[in-house]
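Only one structure is covered here, and it is reproduced in the block below.
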Amino acid sequence: MKNKLHEKKAVITLILFFMLGCSVHNQEANSEIDNKVKNLLSSMTLEEKVGQMTQVDFAVIGVPEQLNADNPIDQARLEDAVLKHHVGSILNAPYTPHSKAQSIETWRKMMQTVQAVAAKSRLKIPVIYGIDAIHGATYTQNSVLFPQAINMAATFNPELSFREGEITARELRVSGLRWNFSPVLDIGRQPLWPRLWETYGEDVHLATVLGASYIKGHQGDDFSAPDKAATCLKHYVGYSFPINGKDRTPAWIGERMLREYFLPTFEAGVKAGSPAIMVNSAEVDGIPGHANYHYLTTILRGEMGFRGFTVSDWEDIKRLYTRDKLAASEKEAVKIAVMAGIDMSMVPFDFSFYDLLLELVKAGEVPLARIDEAVSRILNVKYQTGLFEPNTPVLPVEGNFSTPEAIETNRQAARESIVLAKNANNILPLKKESSILVTGPTANLLSVMNGGWTITWQGDEENLYPQNKLTVFEAIQLKSKGKVTYIGGNSFTDKIDSQKAVEEANNHDIIVLCLGEKPYTETVGNIDSLNLDQTQLDLARAMLATGKPVILVTLEGRPRIITTIAEQAAGVILGFLPGMEGGVAIADILYGDYNPNGKLPISYPRNTNDIVLYDHKPIESYELNSYKPLYPFGHGLSYTTFQTSGLKVEKNQIDSGENINISVNVKNTGLMKGKETVLLYLNDVAASVTRPNKQLKAFKKIELDPGQSENLSFTLTPYDLSFIGVDLKRIVEPGDFKVMVGNETVLFSVTKNQVKYKWLM
Ligand code: BGC
């Protein structure tokens, strides 16, 4: 053990030296790039500059799908975009609106074609091509597709998030792609929102740690390296908290809440080195994201010090006029957005932004200095990405794409992302000999495990999914030594013959009932209620009425209400969207070939209007109010048991500028080896702004053999003790603090006068 620790320390020291070296190297590289950008900018025409700020969809340069032999690009249209309109960026996969995964060869050819045309332009400025590779290289056929972010959050494992970033970047580079519209750093605090699953859940600390880790894996210290790619944080900021739960509808977030819950993940993403940020498609407090100078410039630039560029979301500058009625014309919309701080417009289907911005600058309505600023940022990122280095070879397929190691990492991520929520009388793990009836609309489909942004935008074209991956039913069938029968359809909406299922149930020992949602993303996924549809409820009722033990497995992007089913089911497995290896991972857990350790990164509501989150304010659990979710944040069972004890703070009193060390023992008190995540919560006992009952401030995941124990230590910094004060500045106030781990609570106090921090740290 000791040796291992020494080894670990040595590795960390090496990494620190390396990072120090890198940061000196990075500073030099930065000033070199700044000079190159200055030179290039000085030789650009206004048209070339405005073109750099324009991003168009693939549709603008594509041939119709039917005419595509193996290169989907229309040369003349591409030349019109890049040479005539000087377009600096293109996005998306062929073919809009389906945007469908292409082969590695097609991508390579497309990227060569695009850059070859860019190389014919007067200044040979390369195009930056962006793609939504949010859980792996979505749009490259047969890529490794990970669990979605909500599942990655359930792993509580930053190393897996790092590995996901690494593998995604590598597979993008194999495809010739270098810029990923990921990670989503919105906080998932509105369960109805159809993009909840794209987030790392409701907790700020967890999302911050996992998001930063993903970026580091994806970019390394230099995202121009042959196996790295640039990221893009999204959707800055407040997008995820629509009051009515529908995508692209208003959020009402006060400045304190914004700073405390919604900005920290983005701040961490900026610090982790992400060079681009995509903007909130909706509005906060009456101001559309694309018109919000305060967020885009005062905070993002002035406070966070972000040096990369901002890109609008889909058509959102136009929408300031067409939808929001904030601008009186499309031209005014362009002016508002650019002056608020948008550097690049995802137009996406025409050159209107280019034309209108040119007019605005010529009329003196948008100063040239603002254009120069935006273009400098874009060129800077293009240099950093290595796009200016011609003929960079693509990463070879061999050893870099869909490797057995990457698939195994994906499988491990899926296993660690699945939450065992209920296991009455240890019904699980199942005996391999048991006969099993598998039924339900999510039992035999790959799409329901992957969700949106999988092969296509909505992820719902099951026929495009790889044949060699296993659904839940297929994975159970493969492992079982007993009879396995499937009653269900071939698509999510196919009618299931519940009469037949009831008859079959009588011939089997156990029912595995798979419910949930079909794939979706964005507005397409809007719902009016978290309740499951009646067809699924009827099937569940029929299965429960058979009296056979029911194991409920959910595959869904958000917590659909399962309360009455879960109460009667013998076991409940919350699968969320575990990705391509989800079927295997669920079967591993069902049969005990893997000991589950996923924990809920959200509060699972008991009822559809029961939206109280774990870090609620005292008033939300006062008198008649209460936090009574079906399953709380952090819930997740194992086939073994763990006990934490001996929670200790190193000092009972600290100064407000000091760190505090905390330790706790954790022991595997059961009979099976397993992983446990120890969650450390904090509560500021009395403060000038109401504080949450508890907030996650640290966590550690460890693996223990039966009987084995480990002493874990944590350090909380002043930042961890701070909050956004009455004057909207981050502050640590003197007084008592409670530390909570498992069933234990210890107190310490902070003395001395209150210390104010710049909110960034
Ligand atoms: C989504 C973004 C995405 C973009 C490009 C938008 O509709 O909101 O998340 O990156 O499209 O595909």
Side-chain angles (χ1 to χ4, degrees), residues 54-62 89-102 128-140 148-150 168 172 177-188 193-200 211 214 218 229-242 246-249 251 265-266 269 274-284 288-290 309-320 322-323 342 344-349 353 451-459 519-526 557:
T54 306
Q55 184 185 62
V56 293
D57 184 76
F58 168 82
V60 172
I61 61 159
S89 182
I90 304 175
L91 87 148
N92 226 344
Y95 285 90
T96 316
H98 313 290
S99 44
K100 203 158 64 191
Q102 305 292 310
I128 186 162
Y129 201 106
I131 200 87
D132 293 278
I134 71 161
H135 66 130
T138 318
Y139 287 124
T140 306
Q148 296 284 3
I150 196 76
T168 303
L172 285 176
L177 291 159
R178 307 181 72 152
W179 184 31
N180 185 359
F181 298 142
S182 181
V184 171
L185 293 185
D186 301 307
I187 297 289
W193 188 48
R195 306 188 76 172
L196 180 87
W197 52 273
E198 295 183 52
T199 76
Y200 292 112
Y214 174 90
H218 202 287
T231 57
C232 177
L233 315 179
K234 61 192 196 182
H235 308 78
Y236 183 80
V237 58
Y239 178 42
S240 57
F241 203 51
K246 305 276 164 70
D247 187 42
R248 290 178 162 84
T249 59
T265 45
F266 287 96
S274 188
I277 290 185
M278 194 185 291
V279 176
N280 173 4
S281 238
E283 62 174 65
V284 177
H290 290 72
F309 69 89
T310 56
V311 57
S312 85
D313 201 345
W314 190 264
E315 212 179 81
D316 280 323
I317 296 183
K318 277 179 200 247
R319 285 177 182 157
L320 292 178
T322 55
R323 181 191 63 189
I342 307 281
M344 182 185 278
S345 170
M346 191 186 287
V347 189
F349 290 130
F353 172 83
W453 306 112
T454 308
I455 307 171
T456 61
W457 173 45
Q458 291 296 317
Y520 56 83
T521 184
E522 302 190 47
T523 316
V524 178
N526 282 348

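Note that ligands are numbered from 1 as they come in the structure, with each ligand's atoms numbered from 1 the same way.
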Practice task
Kindly say whether the aromatic ring centers of Phe309 and Trp179 come within a distance under 6.0 Å.
Solution key: yes
Exercise for the section: Answer with yes or no after comparing the ring centroid distance for Phe349 and Trp314 against a 6.0 Å cut-off, counting only values under it. Expected result: yes
Practice task
State the atoms of ligand 1, each with its element, that fall below the 4.0 Å cut-off from a heavy-atom position in His235.
Solution key: 2 (C), 8 (O), 9 (O)
Practice task
For Arg248 and ligand 1, answer yes if some heavy atom of the residue is under 4.0 Å from a ligand atom, otherwise no.
Solution key: yes
Exercise for the section: Could you tell me how the ring of Tyr214 sits relative to the ring of His218: parallel (under 30°), tilted (30 to 60°) or perpendicular (over 60°)? Expected result: tilted
Handout entry: For atom 7 (O) of ligand 1, the protein heavy atom that lies nearest, with its residue and separation
Key = Glu522 OE1, 2.7 Å
Problem - Selected option - heavy-atom contact closest to atom 8 (O) of ligand 1, from Asp313, Ile131, Ile134, Asp316 - result: Asp313
Handout entry: For Trp314, the ligand 1 atoms whose distance to one of its heavy atoms is below 4.0 Å
Key = 6 (C), 7 (O)
Exercise for the section: Verify whether one side chain among Trp453 and Gln148 offers a donor that lies under 3.5 Å from an acceptor in the other. Expected result: no
Exercise for the section: Give the contacting part of Leu91 toward ligand 1: side chain, backbone, both or neither, where contact means a heavy-atom distance below 4.0 Å. Expected result: side chain
Exercise for the section: Look at atom NZ of Lys100 and say whether more than 12 heavy atoms of other residues, nucleotides or ligands are closer to it than 6.0 Å. Expected result: no
Practice task
Would you mind telling me if ligand 1 is within reach of the side chain of Arg195, the backbone, both or neither, using heavy atoms under 4.0 Å?
Solution key: side chain
Problem - Pair His135-Thr454, side-chain donor/acceptor within less than 3.5 Å - result: yes
Problem - N or O pair under 3.5 Å between Trp453 and ligand 1 - result: no
Problem - Tyr239 N/O under 3.5 Å from ligand 1 N/O - result: no
Exercise for the section: Return yes if a side-chain donor-acceptor contact under 3.5 Å exists between Asp316 and Ser281, otherwise no. Expected result: yes
Completion exercise
In this structure, atom 5 (C) of ligand 1 is nearest to the protein heavy atom Asp132 OD2, 3.2 Å
Practice task
Mark the output for Glu198 as yes if a heavy-atom distance to ligand 1 is under 4.0 Å, and as no if none is.
Solution key: no
Handout entry: Element-labelled atoms of ligand 1 that are located less than 4.0 Å from some non-hydrogen atom of Met278
Key = 2 (C), 10 (O)
Practice task
Taking the side chain as every heavy atom from C-beta outward, state whether Asp313 and Arg248 have any pair of such atoms under 4.5 Å apart.
Solution key: yes
